[in-house]
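Report on the structure given below.
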There are 2 protein chains.
Amino acid sequence: MQSEIRKYLEKHGVRPSLQRLAVMEYLRTHRTHPTVDEIYEALSPQIPTLSRTTVYNTLNRLVEQGAILVIDIDKGNRRYDGFTEFHAHFLCDRCGVLEDIAVEDSHFVGQHTPPGAQIRDVQLLYKGVCAGCRQKESKNIA
Amino acid sequence: MQSEIRKYLEKHGVRPSLQRLAVMEYLRTHRTHPTVDEIYEALSPQIPTLSRTTVYNTLNRLVEQGAILVIDIDKGNRRYDGFTEFHAHFLCDRCGVLEDIAVEDSHFVGQHTPPGAQIRDVQLLYKGVCAGCRQKESKNIA
DNA sequence: TCTATTTTTGTAACGATTACAAAAATGTAA
DNA sequence: TTACATTTTTGTAATCGTTACAAAAATAGA
């Protein structure tokens with residue numbers, strides 16, 4: 001596990017420090033698209049000296065090097081995705097859960113390019129209300 | 001023109017005050033996906049007493065009522081879109097320009113819904129470098 | 001070991017957005 | 001019209017995620 005993460009970082013030109021390994025491994029083992037604070041809180045017990053700034057720095061570096069993706073949704077906190085293969089996301093407006101959606105990419109990638117432009121990234125986001133929140137709301141009304 | 005904007009607001013349950021009409025009309029006549037500040041600066045000459053807070057309030061209200069869309073891209077400022085029919089966007093990483101892209105919506109809307117969820121909005125964003133910025137960069141290198 | 005470079009850390013600053021309360025505008029009823 | 005209630009606007013202060021910065025710690029190379 002750890003050695004795979006190490007190779008993954010090196011492949012993307014990121015030196016595998018303790019903190020970077022921990023952040024990268026967290027993203028690879030938690031497909032919840034966590035925020036900076038969620039990552040910081042989760043890793044603090046293991047790395048008591050960890051600083052929030054380090055988490056910010058690390059994530060920014062990983063994004064620059066193409067090792068992870070940023071997802072900017074709604075207001076507030078940025079979220080991160082350790083898996084860069086093309087896939088869509090579903091965001092629940094109510095509880096904020098953000099899920100992966102498998103999508104055939106042929107309809108998106110390489111399509112709809114403005115003349116002369118070069119596309120580097122395609123983001124497809126579905127927004128709405130998840131099954132759980134719909135159930136809660138229907139109970140409240142009834 | 002003005003009366004159409006007025007009808008549009010009323011259709012969405014928003015009372016057509018002077019400020020709201022101005023913001024809504026600005027979005028319908030400038031398809032540049034402006035930021036709060038761009039809207040504020042543009043309308044200040046016409047409405048000298050205009051407050052930035054009013055622009056924020058108005059935009060939030062319009063979004064709530066489904067009259068306009070928010071686009072959260074990268075870090076920094078939120079951008080607004082006065083046209084709610086489905087279309088994709090292209091964002092230039094370099095100059096920040098955000099353009100509409102006409103897209104056949106059959107591949108997206110109503111597709112890929114997680115079980116039990118209700119979809120309200122679909123956002124498709126292409127990121128890359130626009131024709132103009134590519135040209136500038138190739139000149140700098142040569 | 002010694003030295004240069006990179007990384008981490010904590011604090012302070014920044015900036016977009018929101019909270020809040022007062023002032024202004026608008027609507028309604030007599 | 002007047003009086004009163006409601007909505008909207010406005011300006012300031014607060015909030016909060018993120019970044020800037022400089023010192024401390026860790027790491028790499030000779």
Side-chain angles (χ1 to χ4, degrees), chain A residues 5-6 9-10 12-26 33-65 67-81 91 93 96 98, chain B residues 5-6 9-10 12-26 33-65 67-80 91 96 98:
Chain A
I5 301 290
R6 184 180 300 272
L9 290 183
E10 284 166 352
H12 286 89
V14 178
R15 288 198 183 162
S17 71
L18 177 72
Q19 290 83 347
R20 288 169 180 173
L21 281 166
V23 169
M24 191 67 232
E25 184 173 30
Y26 186 84
H33 313 90
T35 62
V36 168
D37 265 30
E38 284 165 356
I39 298 171
Y40 173 75
E41 296 296 339
L43 298 181
S44 279
Q46 312 166 31
I47 310 175
T49 65
L50 185 65
S51 161
R52 219 175 291 264
T53 302
T54 299
V55 180
Y56 276 104
N57 290 341
T58 298
L59 291 168
N60 286 341
R61 175 74 66 95
L62 291 172
V63 171
E64 279 170 22
Q65 302 294 335
I68 66 174
L69 298 176
V70 206
I71 310 168
D72 286 293
I73 48 158
D74 273 344
K75 55 181 162 252
N77 315 25
R78 210 171 282 183
R79 300 172 72 156
Y80 295 89
D81 191 332
L91 169 69
D93 284 333
L98 185 60
Chain B
I5 301 289
R6 184 179 300 270
L9 290 183
E10 282 166 354
H12 286 88
V14 178
R15 287 199 185 163
S17 71
L18 177 72
Q19 291 83 345
R20 289 168 178 173
L21 281 168
V23 169
M24 191 66 231
E25 184 175 29
Y26 186 83
H33 314 90
T35 62
V36 168
D37 265 31
E38 284 166 357
I39 297 169
Y40 172 74
E41 296 296 340
L43 298 181
S44 278
Q46 311 166 34
I47 310 175
T49 64
L50 185 65
S51 160
R52 219 174 293 263
T53 301
T54 300
V55 180
Y56 275 103
N57 290 343
T58 299
L59 290 168
N60 286 342
R61 175 72 66 94
L62 291 172
V63 171
E64 277 170 22
Q65 302 295 335
I68 66 175
L69 297 176
V70 206
I71 309 170
D72 285 293
I73 48 160
D74 273 343
K75 53 180 164 256
N77 314 26
R78 210 171 282 182
R79 300 173 70 156
Y80 296 88
L91 169 69
L98 185 59

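Because only heavy atoms are used, hydrogens play no part in the values below, and waters and symmetry mates are left out as well, while side chains stay in. Keep in mind that this is a model prediction, so the values were computed, not measured. Residue numbers start from 1 in every chain, and the chains themselves are labelled A, B, ... in the order their sequence lines are given, proteins ahead of strands.
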Item to check | Whole angstrom value for the distance that separates P of C:dG10 from CZ of A:R52 | outcome: 11 Å
Item to check | Rounded distance (Å) that lies between atom P of C:dT7 and atom CD1 of A:I47 | outcome: 16 Å
Item to check | Side-chain N,O (B:R61) to OP1/OP2 (D:dT8) below 4.0 Å | outcome: yes
Checklist entry - Rounding to a whole Å, what distance do you find between B:L21:CG and C:dA25:C1'? => result 15 Å
Next on the checklist: What contact category does A:T53 fall into here, base, sugar-phosphate, or nothing, at under 4.0 angstrom with non-hydrogen atoms?
Outcome noted: base
Checklist entry - Between B:M24 (CE) and D:dT8 (C1'), how many Å, whole number? => result 19 Å
Item to check | Phosphate OP1/OP2 of C:dT7 contacted by A:S17 side-chain N/O (<4.0 Å) | outcome: no
Checklist entry - Can any side-chain N or O of A:R20 pair as donor or acceptor with the backbone N or O of A:T58 at less than 3.5 Å? => result no
Checklist entry - So does B:T54 get a side-chain nitrogen or oxygen closer than 4.0 Å to the phosphate oxygens (OP1/OP2) of D:dT8? => result no
Checklist outcome for this item: From CG of B:N77 across to P of C:dA16 the rounded distance in Å is 5 Å
Next on the checklist: Need to verify one output field. Residue with the more 5' nearest nucleotide on DNA chain C, B:N57 or B:R15?
Outcome noted: B:N57
Checklist entry - Which residue, A:I68, A:N57, A:V70, forms the side-chain contact (heavy atoms from CB on, under 4.5 Å) with A:L62? => result A:I68
Checklist entry - Side chain of A:Y56: nearest nucleotide among D:dT10, C:dT9, D:dT18? => result D:dT18
Checklist entry - What nucleic acid atoms does B:T35 come within less than 4.0 Å of, heavy atoms only: base, sugar-phosphate, or nothing? => result nothing
Next on the checklist: Can you measure A:Q19 atom CD to C:dG10 atom P for me and round it to whole angstrom units?
Outcome noted: 11 Å
Checklist outcome for this item: A:Y40 OH to C:dT9 C1', in whole Å, measures 10 Å
Checklist entry - Separation of A:L50 atom CG from C:dG10 atom C1', in whole Å? => result 12 Å
Next on the checklist: Between B:T54 and B:Y40, is there a side-chain heavy-atom distance shorter than 4.5 Å?
Outcome noted: no
Item to check | Sugar-phosphate, base or nothing in reach of B:R78, heavy atoms under 4.0 Å | outcome: sugar-phosphate
Checklist entry - Is there side-chain contact between B:D37 and B:R52, with at least one heavy-atom pair below 4.5 Å? => result yes
Checklist entry - So do the side chains of A:L43 and A:V55 get within less than 4.5 Å of each other, counting heavy atoms only? => result no
